[in-house]
**Q** 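Let me begin by handing over the structure; questions about it come next.
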Amino acid sequence: MRPHTVLARAAATTALAVVAPVALAVSGPLTTAVAAAPASGPGTVSGAVPGPAGAATPTQPTAAAESPPVTPTVTRVPIPAVASPITSTTSTTSTASSASSAPSARAASGSGAAPSAPGTSDALSPRKVVAAVSRAGTKFDVLGVTYQGAAPAGLTVEARTHTKNGWSGWIGLDVDEDHGPDAGTAESRRARVGTDPLTAAGSDGAQVRVLSNGGAAPRDLALSLVDAKSAPSDAAVAASPVGTASTVAGAPNTSAGTAPTAGARTAGASATAVSTASAASVASVPQPTIVTRAQWGADESMMPCQPDPLGGFKAAVVHHTVNANTYTAAQAPGLVRGIFAYHTQSHGWCDIGYNFLVDRFGRIYEGRKGGLNGFTQGAQAGGFNSDTLGVSVIGDFTNVRLPSAVTSAVSRTIAWQADRSGFNPASSVVLTSGGSTRYDAGVRVTKPRVMGHRDLSLTSCPGDAAYPQVASIRSSASSTWRAYQYVAGRSVYVPVTARRLLDTRTGLGTTKRPLPANTSLVLTVPGLPSTATAVTLNVTALDATAPTTLTAYPANMSRRLTANLDVVPGRTITTQVTVGVAPGGTVRLFNARGAVNVAADLEGYFRTGTGAGYAAYTRPSRLVDTRTGVGAPRQQVSQGRPVTFTVPGLLSGTRAVSFNVTVLNASGPTSVTAYRAGSARPAVPSVSVTDRTPVANLVTIPADQSGRVTISVAQGQADVVIDALGFYVDGRGLTFVPVAPRRLVDTRVGWGVPAGPLAAGRATTFGIPNTTYAVRGAALAVGGISTANGWVSFYPSGQSPPATSTLSTVPGRTITNLASTATTTGSLVNIYNSAGSTQVIVDLMGYYTG
């Protein structure tokens, strides 16, 4: 990539000493300390807003009261082979597809006629009936057939069901090898192959016949009949409204249309009024009303294993189940329970295969566990489960189109999940097959982000009548997604002298108490112009009662699966956070677990218009290392003996500088402050230190062209390492675009990069997709979990690893920081790990553009 003019000039005038990045063994007790600082310029904080543990939003819209768990009864009936295979002459109302055949339409004949005996035939067909069974007097709501091993050529399974109204016609059941876990996964190794479930509420009899081309039958054929039972909540679910959406995501549960309010406060004052927000100001797609697992009566003890977590989804797949579309609203929750029981007890899967289900009335049901709070890998599109979300409509839509209430519910579900995962439903995506009936393993395919199951597998799903409607679902989901996107203009930086806005220990800007678990507060940053788009805060967490995470995000959007600080009891953690603001200059801070004190200091803000753009050094370089005498005397920085150094290569009009500060070998709890040389020391610290363990933080401070910076230690002494990153200069450089925070990389689940920790001396590359403008750099909330003392560096792809560090890793603990890095053409960034095995998590907070 050709360097930006400003960046190239800065690099050309820079000659910096280079030594090894920071790495040090852990020693000493864990204690808690934070520099006591006088409060100045308090912000306004709304009342704390509680929400359910681990939830994506503080309030989860639900359809009915919870039900006690309901345990369906699963009756297993062996299907014996016929004495002599019989050539079928069925008048193929049964159109089940073979696992090895092209997709075929699915149809059902009329009901009420007396059935033929199993093994007899109605019209000419080349296949032979190889196994059959009849069952009467057993109540069931869901039917399916499973077997062991490979399917014989031309395998077809047909069934008919009996109710008080008589017999249905023969219905073909899809034998879909791809409707299940991905091959090679732990879930697939314990699974039985079988048909899709046939939902037939209130049935009391069944007949099944199995056909193949050559007369061979699969091994261990069995019919599963599932009595879903009734649940106390079924009637309440049936009476619940259809088509409703959530309250304002991430905000207090107040009536829509209330204007945002926030009362200013000073230290020690009483709590301010709880802020409210109108639905029109929401910057995230609201969660639609969901019938939760607790409401449809899921018996969690039926799960034989736990599904794998994901970092998010890349696309959505639309499915349908198989049944007559005549079930009542009160029967629908039972059908979900029945499918759940069939998938777990008969197929042997960890959970229900679909992430979400929609009944014919438009009610949405939580499928796989964990889909409301995080992302869970389904068992619905084999070969592509690790990338896709599955939404299944309960019904047969081969000849009947999806009702408008259903298409609306499916599109809203997809829009909500797409927003959480950070993709536009109208876009396309390249997926790599893990092996399906349509695509061999390793094949890369370009697909729309919203598709039918038949786009990935040889299946008729989601039905011939419904499949053409997938395009309109895609369009509607995209329209909803676009309407709720967080939008901010290209912005320039305004530095300020650091000042404290929030401190829960003293009551500055909020109630004097630690922030409770699963609770957020809204900070209104005072003095921001109406053109402000983002703020840079130094956030400190201390006195935690349990391991937790703190997440910062614009106050008018829901919380994504992101985090800015990882906090453990006994330690003080300080991390710079650059985050977009909601109208009125509001930011939300969320604590996941336990109770924790939080302090926040304003370092600067971004606004639209003219001002200081960002100039990143073409290659991060080391300015100071007191351990080796680089850029400063070879001695620790101590109280009363600050160190002053010069940031080289600054241009006329420089307003601020950014650099990474790592503090290590501290004599005890202390804090380190960076500030412009010759100016008064700010009353708030840049880095809080607990012990000798290395701690790092990105620091952005006001500066001029001279580039002289002073580093001071509050008490005791410590080594300090400074790595140059970039600077802000009037009328030049790159502009900043804040975004709704979203996860880009999680090596633990293979999100954005291959799954698995980075080995020592290895690098991996990720991209920054779905941006409005070309990406030239990024602000990233990063975390590392390592098995060794070492460091992790972020740098433009295509370069060799720099001799600088972003994170100083410590065995067994998550270390967090804000990374500011340039990118290459294609928005690519490298991550390098120096030692041990390191899991890395990366969240995008914003990006720089020309």
Side-chain angles (χ1 to χ4, degrees), residues 56 182 308-316 370 374-378 384-389 417-425 427-434 442 444-447 449 549 551 553 560-564 566 739-759 762-771 775-786 792-798 801 806-807 814-833 837-848:
D182 286 348
D308 291 332
L310 295 176
F313 299 113
K314 297 178 182 177
F375 303 98
T376 304
Q377 180 169 314
F384 298 92
N385 283 314
S386 61
D387 290 330
T388 61
L389 157 80
Q417 288 289 310
D419 188 57
R420 295 181 66 223
S421 294
F423 69 81
N424 181 351
S427 62
S428 296
V429 63
V430 177
L431 303 175
T432 301
S433 173
R444 291 168 58 84
V445 296
T446 300
K447 295 291 181 180
R449 298 267 192 178
T549 57
T551 303
Y553 51 102
R560 307 281 181 83
L561 188 66
T562 61
N564 299 88
D566 196 88
V739 301
R742 66 176 186 266
R743 183 138 295 173
L744 295 179
V745 170
D746 190 338
T747 60
R748 298 170 300 179
V749 296
W751 184 248
V753 297
L758 277 178
R762 300 300 298 273
T764 190
T765 303
F766 68 94
I768 302 172
N770 306 320
T771 57
V775 177
R776 304 290 298 277
L780 308 168
V782 300
I785 312 165
S786 186
V792 174
S793 295
F794 288 74
Y795 57 98
S797 179
T806 305
L807 301 172
T814 304
I815 306 299
T816 53
N817 199 1
L818 182 69
S820 180
T821 179
T823 64
T824 56
T825 301
S827 309
L828 300 178
V829 177
N830 274 8
I831 310 170
Y832 172 80
N833 173 50
S837 295
T838 304
Q839 302 280 15
V840 181
I841 303 96
V842 180
D843 299 328
L844 181 67
M845 305 300 292
Y847 63 94
Y848 294 93

**Q** Looking at CG of Asp182 and CZ of Phe384, how far apart are the two atoms once the value is rounded to the nearest 0.5 Å?
**A** 9.0 Å
**Q** Do the non-hydrogen side-chain atoms of Asp746 and Ile841 ever get within less than 4.5 Å of each other?
**A** yes
**Q** Supply the atom-to-atom distance Leu758 CG to Gln839 CD, rounded to the nearest 0.5 angstrom.
**A** 8.5 Å
**Q** What closest approach, in Å, do Val749 and Gly311 show between heavy atoms, and which atom pair accounts for it?
**A**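 Smallest interatomic distance, heavy atoms only, reads CG2-N, 3.2 Å.
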**Q** Does either side chain, that of Asn564 or that of Thr551, offer a donor lying less than 3.5 Å from an acceptor on the other one?
**A**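 Looking only at side-chain atoms, Thr551 and Asn564 do not form any donor-acceptor pair under 3.5 Å.
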**Q** Output yes when a side-chain donor or acceptor of Asn770 lies under 3.5 Å from a complementary backbone atom of Gly422, and no otherwise.
**A** yes
**Q** Starting at NZ of Lys447, measure out to CG of Leu431 and round the result to the nearest 0.5 Å.
**A** 9.0 Å
**Q** Are any side-chain N or O atoms of Arg560 and backbone N or O atoms of Asp419, one a donor and one an acceptor, separated by less than 3.5 Å?
**A**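 Present.
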**Q** When you check the side-chain N and O atoms of Thr562 and Asp843, is any donor under 3.5 Å from an acceptor?
**A**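 Short answer, no.
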**Q** Do we see a donor-acceptor contact under 3.5 Å between the side chains of Gln377 and Ser386?
**A**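 Short answer, no.
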**Q** Between Asp566 (side chain) and Thr816 (backbone), is there a donor-acceptor pair under 3.5 Å?
**A**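 Checking the backbone N and O of Thr816 against the side chain of Asp566, no donor-acceptor pair under 3.5 Å is found.
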**Q** Quick one: side-chain hydrogen bond (donor to acceptor under 3.5 Å, both in side chains) partners of Tyr848, sequence neighbours excluded?
**A** Tyr728
**Q** With side chains defined as the heavy atoms from C-beta onward, is the minimum distance between Phe794 and Asn817 less than 4.5 Å?
**A** no
**Q** Supply the atom-to-atom distance Thr747 OG1 to Ile785 CD1, rounded to the nearest 0.5 angstrom.
**A** 7.5 Å
**Q** Taking the side chain as every heavy atom from C-beta outward, state whether Asn833 and Val840 have any atom pair closer than 4.5 Å.
**A** no
**Q** Between atom OG1 of Thr376 and atom CZ of Phe313, what is the distance when rounded to the nearest 0.5 Å?
**A**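 Thr376 OG1 to Phe313 CZ: 6.5 Å, rounded to 0.5 Å.
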**Q** Is any side-chain heavy atom of Arg449 closer than 4.5 Å to one of Asn424?
**A** no
**Q** Taking all non-hydrogen atoms of both residues into account, name the closest pair between Pro796 and Thr823 and its distance.
**A** CB-C, 4.2 Å
**Q** Does the side chain of Asn830 reach to within under 4.5 Å of the side chain of Thr765, using non-hydrogen atoms?
**A** yes
**Q** Find out whether the Lys NZ or Arg CZ of Arg420 is both under 6.0 angstrom from the six-membered ring centre of Phe375 and within 45° of the ring's axis.
**A**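 Here Arg420 passes the 6.0 Å and 45° test against Phe375.
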**Q** Quick one: are Phe423 and Val429 in side-chain contact, heavy atoms under 4.5 Å?
**A** no
**Q** What pair of heavy atoms forms the shortest contact from Gly784 to Leu807, and how long is it?
**A** N-CD1, 3.5 Å
**Q** Could you tell me whether the side chain of Val445 reaches within less than 4.5 Å of the side chain of Ser433, counting heavy atoms only?
**A** no
**Q** List the atom of Ala778, the atom of Leu844, and the distance in Å for their closest heavy-atom pair.
**A**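 Scanning both residues completely, I find the closest heavy atoms to be CB-CD1, 4.2 Å.
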**Q** Assess whether side chain to side chain contact (heavy atoms under 4.5 Å, CB included) is satisfied between Val782 and Val842, documenting all intermediate values.
**A** CA-CA 5 Å; Val782 300; Val842 180; 4.2 Å; yes
**Q** Taking all non-hydrogen atoms of both residues into account, name the closest pair between Ala563 and Thr549 and its distance.
**A**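 Minimum heavy-atom contact is CB-CB, 4.0 Å.
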**Q** Closest heavy-atom contact between Phe766 and Ile768?
**A** CE1-CG1, 4.3 Å
